[in-house]
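Order of the sequence lines sets the chain letters (A, B, ...), proteins ahead of strands, with each chain counted from 1.
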Number of protein chains: 2
Amino acid sequence: MTRTVYEKTDVIPLVAEALRDLGYEGASFSRITERTALGKGSLYHFFPGGKEEMAAEVLAHVDAWFATNVFRPLEEDEPQAAIAHMLTAVDDYFRSGQRICLVGSFALDATRDRFVGAIQRYFVRWISALCGALKRTGKDADTAKHLAEDAVLAIQGALVLTRATMDNALFSRALKRIAISLGVPSAIKTQRRQTKT
Amino acid sequence: MTRTVYEKTDVIPLVAEALRDLGYEGASFSRITERTALGKGSLYHFFPGGKEEMAAEVLAHVDAWFATNVFRPLEEDEPQAAIAHMLTAVDDYFRSGQRICLVGSFALDATRDRFVGAIQRYFVRWISALCGALKRTGKDADTAKHLAEDAVLAIQGALVLTRATMDNALFSRALKRIAISLGVPSAIKTQRRQTKT
DNA sequence: GTCTATACAGTGATAGAC
DNA sequence: GTCTATCACTGTATAGAC
């Protein structure tokens, strides 16, 4: 029997993927074990607080990723470039719609109430970071606010629809339209046809 | 002890609300009983197939509501009016963002795989009905397709964000922008301020 | 159509051996 | 850091009395 030894840094992404796919309620220890090959012993070793602690740390991990790769650039870097970078980062992170947003999925059911703070902070910061960047490109406050809100909302909606319709191209199509509305039309490349020329 | 007697017609909306709030995995019989005051006996009487049958019937019920109030009007009525009507119907149905979309929430986790067909049909029909109506207003096929996709996706995203940010006005704001993009700007009324004049 | 009792598998959680 | 055994409890499901 092969026995793999992990560190916490390795464990969180594995658990995150299980929670993302199964949802908080659907993610039982046995199912997490199936997907991650981490036994109950290991799981409780890393997360003595059980499932709730697991989910809290996973949320923090997601938030940290977005803070580094999306929020901070939007808040501090040259806005045009940061907005374009947000779109490619989002496309990568959500694997062009094949992966869903863990935070968004937690928001939809009663799980939200366990993690209200983290969930609220994530989206509020995303919208206001994007709004700030848009203002720095010269948009007025009102326009910036609603463009930012619409962009984040469209990303979430596109993730829902991609999974629901099984139309894998939907997410990229939506992202391209978001790019246009945010004034960075070239940020998302048109999917190239597989032709021989 | 008060003993209420139900018919199936009364039962489905109750169960639907429980599933909507708790999600498929989160909705255990004991929790459904808490919310609906329907005992396990009654539940199994109406849905001999257990939870899976409950959810399937609830999905069919939601789909029927949308078919009558949204899809068919879009497919058959005067397009401008049908689109405007869709927006007010959606605003009412989702209680201005206080209620989520059961079909969308099922799409996000592993529950989707149990009900792929129903979930896919719901969204595909919604988008194509709206797309058809837009074409009848004179839009070209491409524009109609992407406007329809964006509108449905924005509704789903707005539901996620409203619950996540706890900003109850977000949904109405988003709906108003959707109304504008669909060419029926007056469909959603601006929320009136409570002033004395 | 509803209630109660009961089944038995799966749940989150703990303790201790390795 | 991982494994196994075991805990009390909740899960879905069934049967039969009312």
Side-chain angles (χ1 to χ4, degrees), chain A residues 1-59 61 102 105-106 109-115, chain B residues 1-59 61 102 105-106 109-115:
Chain A
M1 184 156 185
T2 18
R3 205 183 112 117
T4 326
V5 175
Y6 291 98
E7 289 177 23
K8 193 155 187 179
T9 335
D10 312 318
V11 166
I12 289 184
L14 291 172
V15 173
E17 232 45 46
L19 279 170
R20 197 193 299 279
D21 291 350
L22 302 165
Y24 185 79
E25 295 287 351
S28 65
F29 278 88
S30 72
R31 287 206 261 233
I32 297 173
T33 297
E34 279 174 27
R35 304 213 171 199
T36 63
L38 283 151
K40 226 185 287 205
S42 310
L43 257 7
Y44 274 100
H45 170 72
F46 291 116
F47 312 102
K51 251 178 82 164
E52 182 132 9
E53 186 178 341
M54 281 175 39
E57 293 220 34
V58 163
L59 277 175
H61 180 256
L102 185 101
S105 86
F106 277 15
D109 62 26
T111 310
R112 182 196 58 172
D113 304 327
R114 286 177 191 264
F115 305 106
Chain B
M1 185 156 183
T2 18
R3 205 184 111 116
T4 325
V5 175
Y6 292 98
E7 290 177 22
K8 194 154 185 178
T9 335
D10 311 317
V11 166
I12 289 184
L14 290 172
V15 173
E17 233 44 45
L19 278 170
R20 196 193 300 278
D21 290 351
L22 301 165
Y24 184 79
E25 294 288 350
S28 64
F29 278 88
S30 71
R31 287 207 260 233
I32 296 173
T33 297
E34 279 174 28
R35 305 213 171 199
T36 62
L38 284 151
K40 225 185 290 207
S42 310
L43 258 6
Y44 273 100
H45 170 71
F46 292 116
F47 311 103
K51 251 178 79 164
E52 182 132 9
E53 187 179 340
M54 280 176 39
E57 292 219 34
V58 163
L59 277 175
H61 180 257
L102 185 102
S105 86
F106 278 16
D109 61 28
T111 310
R112 182 196 58 173
D113 304 327
R114 286 177 191 264
F115 305 106

How close or far is atom [atom2] of [N] from atom [atom1] of [X], stated in whole angstroms?
| X | N | atom1 | atom2 | value |
| --- | --- | --- | --- | --- |
| A:Phe46 | D:dC3 | CZ | C1' | 14 Å |
| B:Phe29 | D:dT10 | CZ | C1' | 13 Å |
| A:Glu25 | D:dT12 | CD | P | 11 Å |
| B:Arg31 | D:dG11 | CZ | C1' | 11 Å |
| B:Lys51 | C:dG10 | NZ | C1' | 13 Å |
| B:Phe47 | C:dT2 | CZ | C1' | 15 Å |

Could you check whether [X] pairs with [Y] (Lys NZ or Arg NE/NH1/NH2 to Asp/Glu carboxylate O, under 4.0 Å)?
| X | Y | answer |
| --- | --- | --- |
| B:Arg20 | B:Glu17 | yes |
| B:Glu52 | B:Arg114 | yes |
| B:Glu25 | A:Arg31 | yes |

Quick check: on DNA chain D, is the nucleotide nearest A:Lys40 upstream (toward 5') of the one nearest A:Leu43, or the reverse? Name the residue that is more 5'.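 So the residue in question is A:Leu43.
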Counting only side-chain nitrogens and oxygens, does [X] get under 4.0 Å of the OP1 or OP2 atom of [N]?
| X | N | answer |
| --- | --- | --- |
| B:Ser28 | D:dT10 | no |
| B:Ser30 | D:dG11 | yes |
| A:His45 | D:dG1 | yes |

Side chain of B:Asp21, backbone of B:Ala18: donor and acceptor closer than 3.5 Å?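 No, B:Asp21 side chain to B:Ala18 backbone: no donor-acceptor pair under 3.5 Å.
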Looking only at the side chain of B:Tyr6 (C-beta and beyond, no hydrogens), which of the listed nucleotides C:dT2, C:dG12, D:dT2 gets closest?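 Among the listed nucleotides, the one closest to the side chain of B:Tyr6 is C:dT2.
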Please tell me which of the listed nucleotides, D:dT14, D:dG1, C:dG1, lies nearest to the side chain of B:Tyr44?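 Within the option list, the nearest is D:dT14.
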Under 4.0 Å, heavy atoms only, any strand: does A:Ala37 hit a base, just the sugar-phosphate, or nothing?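 Counting heavy atoms under 4.0 Å across all strands, no contact is made by A:Ala37.
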For A:Gly41, answer base if it contacts any base atom (sugar-phosphate contacts may also be present), sugar-phosphate if it contacts only those atoms, and nothing otherwise; contact means non-hydrogen atoms under 4.0 Å.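 Base contact - A:Gly41 has a heavy atom under 4.0 Å of at least one base atom.
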Spatial distance of atom OG (B:Ser28) from atom CG (B:Leu22) [nearest 0.5 Å]: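 Between B:Ser28 OG and B:Leu22 CG, I get 7.5 Å after rounding to 0.5 Å.
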